[in-house]
Enquirer: 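Sharing a structure here in structure tokens format.
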Amino acid sequence: MTTLTLPPLSLAARRMRVMGVVRRDFAALRRSSIRVFEILFWPTVELVLWGFMTLFLQAQRVPFVVSFLLGAVLLWQLLQKASNEISIAFLEDIWSRNLLNVQVSPLSSVEYLIGLMLFSLGKVAFAVAVMAALAFGLYGFGVTSIGVGLVPFMGVLLVLGWSLGLVGIAAVLRFGENAQVIAWSLVFVVQPLAGIFYPVSVLPAPLQAVSWFLPASHVFEGMRTVMAGGALPWDRLAWAAALNVGYLAATLGLFAWALGYARRHGKLSRFGD
């Protein structure tokens, strides 16, 4: 992220830099059993809790399909972890007082962010795979029951999670370490508006209008449509993907502005003090 003028790099050289970020974070992860435990603990607790709740509802003959809720839990965890993992990867550079070292290295902002995204993708994939195995083993729910829509559903949520994570990172760069709460909690602002565990139609009309501009709401509405036997709502997915492109571009711009602000005001050297 240095401001020095450097010669152009080949694609292979940039790939090596990006993978350097991934290997660095992976090395820190595999040496910490606590971090691996944290990746799996909360998603597993939530899956088990909601899974037994759905079994209770079925036993009471409540008109509710267990797969709806379990599918919602799995996709919600993907969104939450995509947002939190990229934020955590950045915050760990602050906690270890390594952010300034990264900033003065030849690593560009784009390479650094791509490395963080790739590493968070690996952690999210690992957590979701374990949750899917538990859902099948404990409740007989297979994620493949969602059908071909599973891949675009997950893709939309992953990119949205990254966008939310970038907003949290930008907040920390702009306002300091006290803004860490934004990085942790921003994704939960989306939760009640996205219709994760209930249809968007139960929301008041003004909030339904807001939810139309949340990519996650189209994913969860589409999931329920597919699992109820309907066709995959490609129009909703296209709209969600278009929103994602706009939000990701905006959050990348916000990150660049916040990073520039932190550099101009000498904030980077004070992180971790």
Side-chain angles (χ1 to χ4, degrees), residues 64-65 67-87 110 113-114 116-118 120-121 124-125 128 131-132 143-171 182-183 185-257:
F64 192 87
V65 179
S67 57
F68 280 16
L69 188 51
L70 288 177
V73 170
L74 284 168
L75 292 179
W76 158 246
Q77 282 297 318
L78 188 152
L79 173 61
Q80 181 186 352
K81 294 197 74 62
S83 174
N84 287 346
E85 292 299 344
I86 190 173
S87 300
V110 173
L113 286 181
I114 292 176
L116 294 185
M117 289 177 177
L118 288 177
S120 72
L121 174 61
V124 169
V128 170
M131 289 181 64
V143 292
T144 54
S145 62
I146 300 178
V148 295
L150 180 64
V151 174
F153 286 163
M154 295 177 73
V156 167
L157 293 179
L158 184 66
V159 175
L160 176 61
W162 285 341
S163 296
L164 293 172
L166 286 172
V167 173
I169 291 173
I182 298 177
S185 60
L186 187 60
V187 68
F188 291 98
V189 176
V190 174
Q191 188 179 42
L193 301 175
I196 296 171
F197 302 113
Y198 44 78
V200 171
S201 59
V202 306
L203 297 173
L207 293 183
Q208 289 187 39
V210 173
S211 73
W212 182 255
F213 294 94
L214 291 176
S217 66
H218 300 284
V219 169
F220 289 101
E221 288 287 303
M223 179 203 70
R224 283 187 285 269
T225 298
V226 170
M227 298 182 77
L232 186 65
W234 288 108
D235 55 339
R236 277 185 172 272
L237 281 173
W239 174 241
L243 289 173
N244 259 349
V245 171
Y247 291 154
L248 184 60
T251 53
L252 286 171
L254 180 64
F255 169 81
W257 171 82

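In what follows, every heavy atom counts, from backbone to side chain, and hydrogens, waters and symmetry copies are set aside.
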Enquirer: Could you state the interatomic distance from CG (Leu121) to CG (Leu116), rounded to the nearest 0.5 Å?
Expert: 12.5 Å

Enquirer: Give the minimum heavy-atom separation between Ile86 and Met117, together with the two atoms involved.
Expert: CD1-CG, 3.7 Å

Enquirer: Please tell me if the side chains of Val128 and Gln77 come closer than 4.5 Å, counting only heavy atoms from C-beta onward.
Expert: no

Enquirer: Please check: side-chain N/O of Tyr198 versus main-chain N/O of Pro192, any donor-acceptor pairing under 3.5 Å?
Expert: yes

Enquirer: Should Leu166 and Leu254 count as side-chain neighbours, where that means a heavy-atom distance under 4.5 Å?
Expert: no

Enquirer: To the nearest 0.5 angstrom, please state how far the CZ atom of Phe188 sits from the OG atom of Ser83.
Expert: 9.0 Å

Enquirer: Could you go step by step and tell me if Val73 and Met131 meet the side-chain contact (heavy atoms from CB on, under 4.5 Å) rule?
Expert: CA-CA 9 Å; Val73 170; Met131 289 181 64; 4.2 Å; yes

Enquirer: Within the distance-only criterion (no hydrogens, no angle test), does the side chain of His218 pair as donor or acceptor with the backbone N or O of Trp212 below 3.5 angstrom?
Expert: yes

Enquirer: For a quick test of reading the model, state the closest non-hydrogen atom pair linking Ser211 to Leu203 and the distance between them.
Expert: CB-CD1, 4.4 Å

Enquirer: Is there side-chain contact between Pro199 and Glu221, with at least one heavy-atom pair below 4.5 Å?
Expert: yes

Enquirer: Kindly say whether Leu248 contributes a backbone atom to a donor-acceptor pair with the side chain of Thr251 at under 3.5 angstrom?
Expert: yes

Enquirer: Should Leu79 and Val219 be marked as a side-chain contact (heavy atoms from CB on, under 4.5 Å) after you check the CA-CA gap, both sets of side-chain angles, and the distance that decides it?
Expert: CA-CA 11 Å; Leu79 173 61; Val219 169; over 6 Å; no

Enquirer: Find the distance between CD (Gln191) and OG (Ser185) and round it off to the nearest 0.5 Å.
Expert: 12.0 Å

Enquirer: Determine whether Val187 and Trp76 make a side-chain contact, defined as any pair of heavy atoms from C-beta on separated by less than 4.5 Å.
Expert: yes

Enquirer: Taking ring pair (Phe, Tyr, Trp, His ring centres under 6.0 Å) as the definition, give me every residue that meets it alongside Phe213, ordered by chain and number, with sequence neighbours left out.
Expert: none

Enquirer: Could you state the interatomic distance from CG (Leu214) to CG (Asn244), rounded to the nearest 0.5 Å?
Expert: 10.5 Å

Enquirer: Might you point out which heavy atoms bring Leu243 and Pro215 nearest each other, and give the distance in Å?
Expert: CB-CG, 3.8 Å

Enquirer: Please answer whether the main-chain N or O of Ala72 pairs with a side-chain N or O of Arg224 as donor and acceptor at a distance below 3.5 Å.
Expert: no

Enquirer: Kindly indicate whether the side chain of Leu75, heavy atoms from C-beta on, has any atom under 4.5 Å from the side chain of Gln80.
Expert: no

Enquirer: Could you pull out every donor-acceptor pair under 3.5 Å between side chains of residues 151-165 and any protein atom, sequence neighbours left out?
Expert:
from, atom 1, to, atom 2, distance (Å)
Trp162, NE1, Ser120, OG, 3.0
Ser163, OG, Val159, O, 3.2

Enquirer: Kindly indicate, with the supporting measurements, whether the criterion side-chain contact (heavy atoms from CB on, under 4.5 Å) is fulfilled by Val200 and Leu193.
Expert: CA-CA 7 Å; Val200 171; Leu193 301 175; over 6 Å; no

Enquirer: Which residues satisfy the ring pair (Phe, Tyr, Trp, His ring centres under 6.0 Å) test with Trp234, sequence neighbours excluded?
Expert: none

